[in-house]
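Below is one structure, written out as structure tokens; comments come after it.
Source: prediction; values computed, not measured. Just so it is clear: chains get the letters A, B, ... in the order the sequence lines come, proteins before strands, and each one is counted from 1.
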2 protein chains.
Amino acid sequence: MGSGEDRKLSASLEDYLEAIFNLADASGCARSKDIARTLGVARSSVTGALRLLRERGLAYYEPYGGVTLTQQGRATAREVARKHEILQAFFMNVLGVEKEAAQRAACQAEHALESEIIGKLVSFTDDAMARSAGGRDEKSESTGRRKRSAKE
Amino acid sequence: MGSGEDRKLSASLEDYLEAIFNLADASGCARSKDIARTLGVARSSVTGALRLLRERGLAYYEPYGGVTLTQQGRATAREVARKHEILQAFFMNVLGVEKEAAQRAACQAEHALESEIIGKLVSFTDDAMARSAGGRDEKSESTGRRKRSAKE
DNA sequence: TGACAAAGTTAGGCGTGACTAACTATACTA
DNA sequence: TAGTATAGTTAGTCACGCCTAACTTTGTCA
């Protein structure tokens, strides 16, 4: 049991991972300050979280250096981000929830639901969208899952 | 700000409230031991939670006495239980998730979703059920929301 | 009515996740 | 290059939510 703890991540650490993933995706490198701003926590809380992610083998991180994710960290973050997108798409496109509220709800629910249910939600959302579109345009834009650039 | 704190309840306290509500519903009175068994926690954890619920004006509770909910406690518990039922119905009846998994997922998600989304989920689940039944039998059994005896 | 079992509480501890305050490192600019 | 602003870390604290161990209260029964 040296480096990579593989216990289930807490909701909080999943949030950090997702934030780092999105920031790195947008600007190449995640800064501690930006992570703090994104998640609405103090900078010192970020430092603590980064240490935990490093201990678990999910992030590369040196004090005063930048933060990047390990291969495993990216994989986990991508899974969290995927859940988020699927849930948000369901709330918006199927239930008709307004974007901000859908965003908030997805943030909460992404930690609560297992992959089995997420999988069923994807099929369901895609079907519902296809049904409501009545086949008139190209299919399955529902989950908006084609945008992430596939680095790694 | 004397007795009734009205800050948002933690997921944990919502669970306690729901358990007390269901136990009292089933057997008239919630025992500490049964709450512990229901939630899979130690008896001492229940004692702590009961004190918090009392401080917030949600439960009547005397050491070594029984536990009952206040009017506000019952209202809150009913809302949590309602969310649970709606979510479980959606997972089972719309997504086709197996009962145990739906139960588990509802337990997690009930704390994450606000009333607006739950409301939309009700309409959606009812519609979906009516659609899939093709109007052949009486409508809106989907959410199974007619069983709770309406005391108070 | 005294002994015993079951139920419940108290005390103390641990992990997590946040905070503030104060410090250190880094980067910018005059 | 010295001063200063910004970024990041460390130290200390707090609340929450759980645990175990030991204690107290209550109820039952011979």
Heavy atoms of B:Gly57 and B:Gln72 approach each other most closely as O-OE1, 4.0 Å

Touch class at under 4.0 angstrom, heavy-atom based, for A:Arg37 against every strand present: nothing

Work out which heavy atom in A:Ala77 is nearest to a heavy atom in A:Leu69; give both atom names and the distance. CB-CD1, 4.0 Å

Among C:dA18, D:dG8, C:dT20, which is the nearest nucleotide to the side chain of A:Ala42? C:dT20

If you check the A:Ser45 side chain, which of D:dC18, D:dT9, C:dC19 turns out closest? C:dC19

Quick one: label B:Gly40 by what it contacts on the DNA or RNA (base, sugar-phosphate, nothing), any heavy atom closer than 4.0 Å. sugar-phosphate

Check whether any side-chain nitrogen or oxygen of B:Tyr16 sits under 4.0 Å from OP1 or OP2 of D:dC16, and answer yes or no. no

Separation of atom CG in A:Leu39 from atom P in C:dT16, rounded to whole Å: 18 Å

Protein-nucleotide distance (A:Arg43, atom CZ; C:dT26, atom P), rounded to Å: 16 Å

For residues A:His84 and A:Ala106, report the shortest heavy-atom separation together with the two atoms involved. O-CB, 3.7 Å

Nearest whole angstrom, please: distance from the P of D:dC16 to the CG of B:Asp15. 16 Å

Applying a 4.0 Å non-hydrogen cut-off, can you work out what A:Ser32 is touching in the nucleic acid: base, sugar-phosphate, or nothing? sugar-phosphate

D:dG17 C1' sits how many Å from B:Arg51 CZ, rounded? 13 Å

In terms of ring plane angle, is the pair B:Phe90 and A:Phe90 parallel, tilted or perpendicular, where the classes change at 30° and 60°? tilted

When only distance counts, do a donor and an acceptor, one from the side chain of B:Tyr64 and one from the base of D:dT24, lie under 3.5 Å apart? yes

Quick one: do B:Arg82 and B:Glu110 make a salt bridge, cutoff under 4.0 Å? no

Atom-to-atom span, CG of A:Leu50 to P of D:dT9 - whole angstrom: 7 Å

When the distance from CZ of B:Arg31 to P of C:dA6 is rounded to whole Å, what number comes out? 13 Å

Which listed nucleotide (C:dC19, D:dC18, C:dA7) is nearest to the side chain of A:Ser44? C:dC19

Could you work out which one of D:dA7, D:dC18, C:dA7 sits closest to the side chain of A:Lys33? D:dA7

Without decimals, in angstroms, what is the distance between A:Leu52 CG and C:dG15 C1'? 10 Å

Nearest-Å distance, CD (B:Glu62) to C1' (C:dA7)? 17 Å

Nucleotide of D:dG17, C:dA18, C:dT9 approaching B:Leu13 most closely (side-chain heavy atoms): D:dG17

Touch class at under 4.0 angstrom, heavy-atom based, for B:Thr47 against every strand present: base

